[in-house]
> 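Quick one: structure below, then a few questions.
Hydrogens, waters and symmetry mates are skipped; everything else that's a heavy atom, side chains included, is used.
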Amino acid sequence: MTTSVESRRRRPTRRQRRAAARAGAGTDARGVQPSLVEIIPAPVDPAPGPVETLAAELIPVEPVTTVPGVVAGSSARIARWMSVAVMPALEGIAAAGCVLVLCRGLSAALVVGVAVAIGVRLGERGRRRLTLSALDDVPVVGVVATVATVCGYAVARFGAPVTVALTAAAAVFVSMLVTRSLFYAVLRRMRRSPRFRSRTLVVGGGEVAAALSKAILENPEFGLEPVVMIDDRPVSGAASGPVPVGPVQPLREIIDRDNIDVVIVAFSNTADRAVVSALRECDRTRCEIYIVPRFFEYLSMTGNMDRIRAVPLMLVRRDVHRSLQWRVKLAASRLSALTALALLAPLLGLIALAVWIDDRSAPVLFRQTRVGMHGHEFTIFKFRTMRPANEHESQTNWNISADSRVSRLGKILRKSSLDELPQLWNIARGDITLVGPRPERPHFVDHFESTIPGYSHRHRIPAGLTGWAAIHGLRGDTSIQDRALHDNFYIENWSLWLDFKIIIRTVGALITRPGS
């Protein structure tokens, strides 16, 4: 009844077709105003201040030499690790020291120090910064310092004068800001060494891409080292620049071959659909991806945005499927399925008995091959709702809702979606999850991947019993293009809360709308 993961067959023909589709994708030339190249003015080196002078004494700048990609990439990851791990720890220690000196309370100092470290870590969101400015972080530092001091005051020094808490909050704020300023100065000094810069790929060969590459080269404190630009029709300014320009190639191959740490997507002559397809194939890579938004001259900085001088960059959220939350989702799906199987065992037994009595000439369970994550095939289980068909018809007949062979009991099971309860076993053994794109049959997957844009991208994650498309009525004989759009939206915006909303709306849909 079960099949091992190793025995599931990968379908390499789809990968070949996707590569052929990318190679044959049309281009969509976009003109860029020549004035955009002037957005990034030539840098003016400021006079070194006391912080920069101290950092220069601590870390001497190494001469610019060619560094192998693997070594440079490892050093760049060390610099990133310092931003997301070392800086929160240092600020927590500094804040705890201030509280310990002012309040002479060890418990209060520990609470404040831990709260500051956690707050800074959450604020960084596990990402590295391109533009390092302590003054830009003043609002966030102020909030973290205030919340941490309130926690320490409430937990360890409740009843002390309010003036003590206010003084401690101000001291924590100043200590955090000074620590961050020193840390940024040291990090900028490190980035001036080629060893600590991230190998960068620029997608695009227009005026904006050329200006970004020029600014990165002239400002090593961004921590980037442009390795190559790719565009089939680069402008003359980009083609004659110091960064080599090559033709458009599969991004995944370039990232793996050249040990790329950062990808910046500027305006390219390649069709947007082809760029999106290439970026989605990089979901499992370790590099960071930034996108220059359209109309960036009109946008303001928000959320996960960074900047290179005057050009804002949007950081693409890609690591969610490698996160602890994702592992919680997978574990919770299996646990929920096992619990549901145990609780619903009497109901499952009654339905199985009714199906057997309705037609004793056929198996109670209906088995069908479906396509899941990365094209792996598996067998899905349902309660049988119609007289058996041959295997070819089962795999190629699109919609059987009006088929005369559907029994009276089968119509009831399909309308109430009770026929899908055996898929809880598929969830329990890891074929699918509770929430995700609905799996389809191989025959239709082959057809849809060659005709529907973005359909193959929905196989980036495990399939599900219900999903974002299903709760929007996209079941049965509905638009496949809309399904792919909704499924990819779910993947790009996944969160545990989104899964919870889908489950709640699925229950509501089962009550208010008939099944397919």
> Between Lys329 and Val435 (side chain of the first, backbone of the second, donor and acceptor by atom type, cut-off under 3.5 Å), is there such a pair?
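Yes; at least one donor-acceptor contact below 3.5 Å.
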
> Decide yes or no on side chain to side chain contact (heavy atoms under 4.5 Å, CB included) for Ile230 and Leu251, but give the supporting numbers first.
CA-CA 9 Å; Ile230 58 172; Leu251 284 182; 3.6 Å; yes

> Quick one: pull up OG1 in Thr369 and CD in Glu440 and give me the separation to the nearest 0.5 Å.
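Answer for the OG1-CD pair, Thr369 versus Glu440, is 12.0 Å.
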
> Is Arg257 atom CZ crowded by more than 12 heavy atoms from other residues, nucleotides or ligands, each under 6.0 Å away?
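Yes, CZ of Arg257 has more than 12 neighbouring heavy atoms, counting only those of other groups under 6.0 Å.
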
> What is the minimum heavy-atom distance between Val364 and Trp356, and which atoms define it?
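Scanning both residues, the minimum pair turns out to be CG2-CB, 3.9 Å.
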
> Going from CG on Asp306 to CG on Leu130, what distance comes out if it is rounded to the nearest 0.5 angstrom?
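Here the rounded value is 4.0 Å.
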
> Looking at Pro312 and Met301, what are the two nearest heavy atoms and their distance?
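Looks like CB-SD, 3.7 Å.
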
> In this structure, which one of Arg458, Arg438, His457 forms a side-chain hydrogen bond (donor to acceptor under 3.5 Å, both in side chains) with Asp487?
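Of the listed residues Arg458, Arg438, His457, the side-chain hydrogen bond (donor to acceptor under 3.5 Å, both in side chains) partner of Asp487 is Arg458.
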
> Taking atom CZ as the centre, does Arg273 end up with more than 12 heavy-atom neighbours from other residues, nucleotides or ligands that are less than 6.0 angstrom away?
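Count not over threshold, so no.
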
> Looking at Arg370 and Asp431, is any side-chain nitrogen of the basic one under 4.0 Å from a carboxylate oxygen of the acidic one?
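Salt bridge absent between Asp431 and Arg370.
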
> Do Pro442 and Glu377 have side chains that get closer than 4.5 Å, going by heavy atoms?
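Of all side-chain heavy-atom pairs linking Glu377 with Pro442, at least one is under 4.5 Å.
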
> Which atoms form the tightest heavy-atom contact between Phe267 and Val292, and what is the distance?
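For Phe267 versus Val292, the nearest heavy atoms are CE2-O, 3.8 Å.
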
> If you count every heavy atom of other residues, nucleotides or ligands that lies below 6.0 Å from Met373 atom CE, does the total exceed 12?
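Count over threshold, so yes.
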
> Heavy atoms, side chains only, cut-off 4.5 Å: are Phe296 and Val311 in contact?
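In short, these two side chains touch, coming nearer than 4.5 Å.
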
> Do Ile502 and Tyr490 come close enough that some side-chain heavy atom pair is under 4.5 Å?
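Yes; the side chains approach each other to less than 4.5 Å.
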
> Quick check against the 3.5 Å criterion: does Arg199 have a side-chain atom that pairs as donor or acceptor with the backbone of Asp258?
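Yes, because the side chain of Arg199 sits within donor-acceptor range (under 3.5 Å) of the backbone of Asp258.
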
> Pairing donors with acceptors under 3.5 angstrom, does anything connect the side chains of Thr478 and Arg483?
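Thr478 vs Arg483: donor-acceptor pair found between side chains.
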
> As a quick check of understanding, evaluate side chain to side chain contact (heavy atoms under 4.5 Å, CB included) for Val243 and Val202, giving each step before the final call.
CA-CA 10 Å; Val243 181; Val202 179; over 6 Å; no

> At their closest point, which heavy atom of Phe383 faces which heavy atom of Leu348, and how far apart are they?
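So the two residues come closest at CZ-O, 3.7 Å.
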
> Would you give the length of the straight line joining atom CD of Gln368 to atom CZ of Arg441, rounded to the nearest 0.5 angstrom?
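Interatomic distance, Gln368 CD to Arg441 CZ, rounded to 0.5 Å: 5.0 Å.
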
> For a 4.5 angstrom cut-off between non-hydrogen side-chain atoms, does Val355 reach Asp419?
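Not in contact.
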
> Which pair of non-hydrogen atoms, one from Phe381 and one from Arg367, has the smallest distance, and what is that distance?
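Shortest heavy-atom separation between Phe381 and Arg367 comes out as CE2-NE, 3.5 Å.
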
> Who are the ring pair (Phe, Tyr, Trp, His ring centres under 6.0 Å) partners of Tyr455, not counting sequence neighbours?
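By the ring pair (Phe, Tyr, Trp, His ring centres under 6.0 Å) rule, Tyr455 matches Phe448, His459.
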
> Go through the steps for Glu492 and Arg460 under the test salt bridge (charged side-chain N to carboxylate O under 4.0 Å, His left out), then give the verdict.
CA-CA 10 Å; Glu492 305 293 354; Arg460 289 175 288 165; 3.1 Å; yes

> For the pair Asn488 and Arg280, evaluate side chain to side chain contact (heavy atoms under 4.5 Å, CB included) and give the outcome as yes or no after the intermediate values.
CA-CA 10 Å; Asn488 284 314; Arg280 283 175 173 168; 3.5 Å; yes

> What distance separates Thr285 OG1 from Asp261 CG, expressed to the nearest 0.5 Å?
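The distance works out to 10.5 Å.
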
> Going by heavy atoms in the side chains, are Tyr290 and Val265 under 4.5 Å from each other?
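Side-chain contact under 4.5 Å: no.
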
> Is Glu221 atom CD crowded by more than 12 heavy atoms from other residues, nucleotides or ligands, each under 6.0 Å away?
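It does: Glu221 CD has more than 12 such atoms within range.
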
> side-chain hydrogen bond (donor to acceptor under 3.5 Å, both in side chains) for Asp358 and Ser407? Distances and angles first, verdict last.
CA-CA 8 Å; Asp358 184 61; Ser407 65; 3.2 Å; yes

> Does Arg307 use its side chain to pair, donor to acceptor, with the backbone of Arg309 at less than 3.5 Å?
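Looks like yes, one N/O pair under 3.5 Å.
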
> Please work out which of the three classes, parallel, tilted or perpendicular, describes the rings of Trp494 and Trp326, given edges at 30° and 60°.
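Correct class here is perpendicular.
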
> Spell out, as yes or no, whether a donor-acceptor pair under 3.5 Å connects the side chain of His447 to the backbone of His443.
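Here the side-chain-to-backbone pair does not exist.
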
> Provide the closest heavy-atom pair for Pro226 versus Ile216 in the form atom of the first, atom of the second, distance.
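Looks like CD-CG2, 3.4 Å.
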
> Using the side chain to side chain contact (heavy atoms under 4.5 Å, CB included) rule, take Leu344 and Leu424 through it: C-alpha gap first, then chi angles, then the decisive distance, then the call.
CA-CA 10 Å; Leu344 297 176; Leu424 292 170; 4.2 Å; yes

> Is the closest side-chain heavy-atom distance between Gln423 and Pro439 below 4.5 Å?
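No; the side chains remain at least 4.5 Å from each other.
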
> Roughly how far, to the nearest 0.5 Å, is the CG atom of Leu409 from the CG atom of Asp359?
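One finds 10.5 Å between CG of Asp359 and CG of Leu409.
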
> Measure the shortest side-chain to side-chain distance between Asp499 and Leu434 over non-hydrogen atoms and say whether it is less than 4.5 angstrom.
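Side-chain contact under 4.5 Å: no.
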
> What distance do Ile452 atom CD1 and Ile480 atom CD1 have between them, rounded to the nearest 0.5 Å?
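Taking CD1 in Ile452 and CD1 in Ile480, the distance rounds to 7.0 Å.
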
> Taking the side chain as C-beta and beyond, is there a heavy-atom pair between Leu224 and Arg197 under 4.5 Å?
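No, side chains not in contact.
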
